[in-house]
Amino acid sequence: MAALTMENPLREGIRLERTPDPCVMVIFGASGDLTRRKLMPALYNLSRERLLPAGFSVVGFSRTEMNDEQFRAAMKEAVEQFGEQGPVDREAWESFAEGLFYLSAHPGHPEDYASLSSLLEEVDRQRGTNGNRVYYLAVPPSSFAGIVQQLDAAGLAQGEKGWRRLIIEKPFGHDLQSARELNQAISKVFHEEQIYRIDHYLGKETVQNLLVFRFANGIFEPIWNRRYVNHVQITAAETVGVENRASYYEESGALRDMVQNHLSQVLALTAMEPPASMGADEVRAEKLKVLRAIPPLVGDRVNSCVVRGQYGPGWVDGKQVAGYRSEPGINPNSTTETFVALKLFVENWRWAGVPFYLRTGKRLPKHLTEIVIQFRQAPLLLFNHTPTDQVSPNLLVIRIQPDEGISLKFNAKQPGPAVHVRPVTMDFRYSTSFGMASASAYERLLLDCMLGDPSLFAHRDAVETAWSILTPILEAWASQPAPSFPNYAAGSWGPAEADSLLQGGCCWRQP
Amino acid sequence: MSHTEVPADAGKVEKELRHLWRSEAEKSGTGPVLCSRTLNLVVYCLAAADLQAAAELLDPIVMQHPCRAILVSPAAANAEQEIHTEVSASCLTSHTGNRYIGRELISIVAKPAAQARVASIVRALVLPDLPVFLWWRDANSLGNDLFQQLRELASRIIVDSAGLEDLQADWPRVHSLFQSPDTAVSDLAWSRLTSWRQLIAQLFDGPARTPYVHRLRRVVVEFGNEGSSVQADALLLAAWLARQLGFRNPQPVPPQGAREQNVSAVWELSRTGSRLRLELRQGKRPGHGVCAVFLSCDEKDAATFVVSRTQDGKGLATRSELPGQPPLRRLVRTGEDSPSRLVSRELEILGRDALYEEVLRMASDLTPALSAA
């Protein structure tokens, strides 16, 4: 009989999607931008799709003075403004909003955590959430350790009843040392399996499809190695400038903001070995092996394998834009990089000698993220009307955003009496092959956390290993004279030096 | 979109389609039209008059599942041609604004004497390497010769058992059709229950609530007042609940007294150490399909659970009352279960639905007790 009470027999069947246990999500920073723009629209959408349990509740924890009703009204406004599913249905919203509560509180005040504890007990009683909690730290990283300690002191981090999970947003530290300190501070209170480091890139459909593409098809894996691949390019380009994140970005820069987390994770997924299963531990272990196989760049190799840049004034998408140093809140002599390109190697049996080129930047001509696998040229060209160097290499382009899809470029004969070779592409687009819109990355990741599935979250070891690759670069830059910035015009593909990173006559793909 | 009549010949149909795509490309002025197709959808319509309605249902389906659709229908008795074929091809605009969602529609209307030709033409027209779904829109002709010929092509058959005219008489026949190990079946009556099942299951999620699911002793499924017999959706939901709760061996219980005058059928089922009373009853709500489900534990627990359709028919409301706890209510919008939406969902599934097949078996055990409401 005991076993009977553990399982809900009505859950059987392929059509019933996974639904988490009834739980409370406590959002620290509930009056902030992230909550309004991403978290609440994602939670409401999950509720609309019947993917949240009846008792699901949110407790907003923030300094702003508000009561429950004001919080509910503010969240409704946020869902209306930032949700992508059209007008909010009044009755459905009211039903969802019955589970929204707010605590006007200071993250540094122990007495406010006592109030939080009382409120959570009351929510448990009213809504059957049974002690299950997700703590979402939608606050600056400098507050992480303090909040975690307060949760511990108030007895909220662990408990006999229910489960406790913690979600933190990047940046996970600003170098290896600080990442280790942060991880240590959090791990004193939460076990690693309770910690969910969110990287919204990993929640994107195409990133997840990368594993399906590689491991559910028999034709790609045999050529996914040094024997057939010339090099790999990973580009994450933004057209926007620093926007309203000046103070954060000045301290961060492109390497910390994008490469440490998003690009290193995408690289790991691209290069990893097939895992023994799709279980979270197995996938994360294989990703970690890739990162560990990347030798850190030290000494002269920092200058020969890394190019940094900062945008000056220019034109983007038909609009004239200011240079980085003229943006509001930016030091006029700032040496923060807004562009970085790297040449890395994954020194393992599969990839030895194959360069992985990573580049990311702000104020580039297009907003996109893509992985490009460039294959080796045919060994001999038989068609004398097309010189060898005019035959394009085969490219497999995996577009992560926007317009997610996969494209294969190959050569074909142009119709006519002579043999002229021309490159053509075969395109797969998510939007035309599957008409349905994908769930947002936050929806997927929030749901996974509530379900206790950490597959798409960054593990401590991966975070620290990524930092161990990048910290020597940061240290080398710090010891060098100030770079000659700005060195690329807004609206260009970055500094010209980035082109010289590529070897063997290769060049960056112009997306 | 214009329809072009072509001879009933697969080669000529393909040629005309290629011509239509060229015209489409010229009209768009953006070069060749690149279309993805993910499946074949063969639709059997009740009559030629049903073709237009079926074609209109296809647009939202194609948006989700770019496909080649082949509509087949019996011709009217006074039709001039023994077999009549039309084709059309066009691009639809996707949710992202791309035009490249291809819609190819082939309609074949044939007199009974030409049915053998129909199956052979369809066989030649299905796109290779893609799954074939057969949507049979007339539940009462399931099993006829054309069905038997077309099912051989199909990876999955979509039917709607709610369209059966006499559930008690037809259910065993439908059930036997799907005994074949090679045929995967989608039943839209079952698909309509997905939201119901999701919300009922959620009532018992979590360690504090799951124990109550094992103490349920009474289940009432109420359906709309349209028609005079038990509806397939209600029967399937009742069968699902009984099966999942572990009860077997249904024994009909005759309805008694005025209180039970609207009760269509009552069973008592048993499980080791406990019994379940299962009722199907016609409610007062207008329409077809399930209106409400009432679940209750034994009197000692005094726990009750209700899921009901909202008045506007576009949502479901749940209410659960557990001893010593305030009632927990919830309302979710499920949207309308249009045939297009239901079929779209079915096209996402390729494998067999083992649970549905089990529920179908349980429903067959329940049907002998059905009587007119």
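Below, each value reflects all heavy atoms present in this structure, side chains not excepted, and no hydrogens, waters or symmetry copies. If you're wondering where the values come from, they're calculated on a predicted model, not measured in any experiment. Just so we're on the same page: letters track the sequence lines, and every chain starts at 1.
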Undergrad: Any chance you could measure A:Leu51, atom CG, to B:Gln202, atom CD, to the nearest 0.5 Å?
TA: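 One gets 8.0 Å once the value is rounded to the nearest 0.5 Å.
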Undergrad: Counting only heavy atoms closer than 4.5 Å, note whether B:Gln198 contacts chain A via side chain, backbone, both or neither.
TA: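 Contact with chain A: backbone and side chain both.
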Undergrad: Would you say that B:Val332 contacts A:Ser95 through its side chain, given a criterion of any heavy-atom pair below 4.5 Å between the two side chains?
TA: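 With C-beta onward as the side chain, the pair stays apart.
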Undergrad: Quick check for you: among A:Pro402, A:Gly128, A:Cys23, A:Pro53, which has the greatest number of heavy-atom pairs under 4.5 Å with chain B?
TA: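 Most heavy-atom pairs under 4.5 Å with chain B: A:Pro53.
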Undergrad: Please step through side-chain contact (heavy atoms from CB on, under 4.5 Å) for the pair B:Ser195 and A:Arg50, ending with a clear verdict.
TA: CA-CA 8 Å; B:Ser195 327; A:Arg50 306 184 300 281; 3.6 Å; yes
Undergrad: Test A:Glu91 against B:Arg333 for salt bridge (charged side-chain N to carboxylate O under 4.0 Å, His left out), laying out the working first.
TA: CA-CA 9 Å; A:Glu91 285 180 299; B:Arg333 289 289 177 215; 2.6 Å; yes
Undergrad: Salt-bridge test for A:Asp89 and B:Lys314: reply yes if a basic N is under 4.0 Å from a carboxylate O, no otherwise.
TA: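 A salt bridge is absent here (no side-chain N lies under 4.0 Å from a carboxylate O).
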Undergrad: Counting only heavy atoms closer than 4.5 Å, note whether B:Arg345 contacts chain A via side chain, backbone, both or neither.
TA: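 Looking at B:Arg345, nothing touches chain A.
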Undergrad: Quick check on A:Glu49 against chain B: is it the side chain, the backbone, both or neither that has a heavy atom closer than 4.5 Å?
TA: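 Neither part; nothing is under 4.5 Å.
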Undergrad: For B:Ser191, which atoms come within 4.5 Å of any heavy atom of chain A: side chain, backbone, both, or neither?
TA: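 Answer is both: backbone and side chain atoms of B:Ser191 are under 4.5 Å from chain A.
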Undergrad: Within the distance-only criterion (no hydrogens, no angle test), does the side chain of B:His214 pair as donor or acceptor with the backbone N or O of A:Glu7 below 3.5 angstrom?
TA: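 Yes: the side chain of B:His214 pairs with the backbone of A:Glu7.
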Undergrad: Side chain, backbone, both or neither: which part of B:Thr310 has a non-hydrogen atom closer than 4.5 Å to chain A?
TA: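 For B:Thr310, there is no contact with chain A at all, as no heavy atom is under 4.5 Å.
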Undergrad: To the closest 0.5 Å, what do you measure between CZ (A:Arg127) and CZ (B:Arg330)?
TA: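 A:Arg127 CZ to B:Arg330 CZ: 9.0 Å, rounded to 0.5 Å.
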Undergrad: Report which part of B:Leu316 has an atom under 4.5 Å of a heavy atom belonging to chain A: side chain, backbone, both, or neither.
TA: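 Neither; nothing under 4.5 Å.
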Undergrad: How many angstroms lie between CD in A:Glu12 and CG in B:Leu355, if you round to the nearest 0.5 Å?
TA: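 It is 5.0 Å, given to the nearest 0.5 Å.
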Undergrad: In terms of heavy-atom proximity below 4.5 Å to chain A, should B:Ile200 be classed as side chain, backbone, both, or neither?
TA: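 Looking at B:Ile200, backbone and side chain both touch chain A.
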Undergrad: Within a reach of under 6.0 Å around CD of A:Glu94, are more than 12 heavy atoms found that belong to other residues, nucleotides or ligands?
TA: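 Atom CD in A:Glu94 is packed in, count exceeds 12.
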Undergrad: Spell out, as yes or no, whether a donor-acceptor pair under 3.5 Å connects the side chain of A:Asn8 to the backbone of B:Gly206.
TA: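 Checked: no pair found.
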Undergrad: Who wins among A:Lys161, A:Glu98, A:Gln126 for the most heavy-atom pairs under 4.5 Å with chain B?
TA: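 The option with the most such pairs is A:Gln126.
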Undergrad: Please name all residues satisfying salt bridge (charged side-chain N to carboxylate O under 4.0 Å, His left out) with B:Arg192, sequence neighbours left out, ordered by chain then number.
TA: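 So B:Arg192 forms a salt bridge (charged side-chain N to carboxylate O under 4.0 Å, His left out) with B:Asp160, B:Asp233.
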Undergrad: May I ask you to decide if A:Leu10's main-chain N or O and B:Gln244's side chain share a donor-acceptor pair within less than 3.5 Å?
TA: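 Absent.
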Undergrad: What's the shortest heavy-atom distance between A:Pro20 and B:Asp205, and which atoms?
TA: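 In this case the closest contact between A:Pro20 and B:Asp205 is O-OD2, 4.4 Å.
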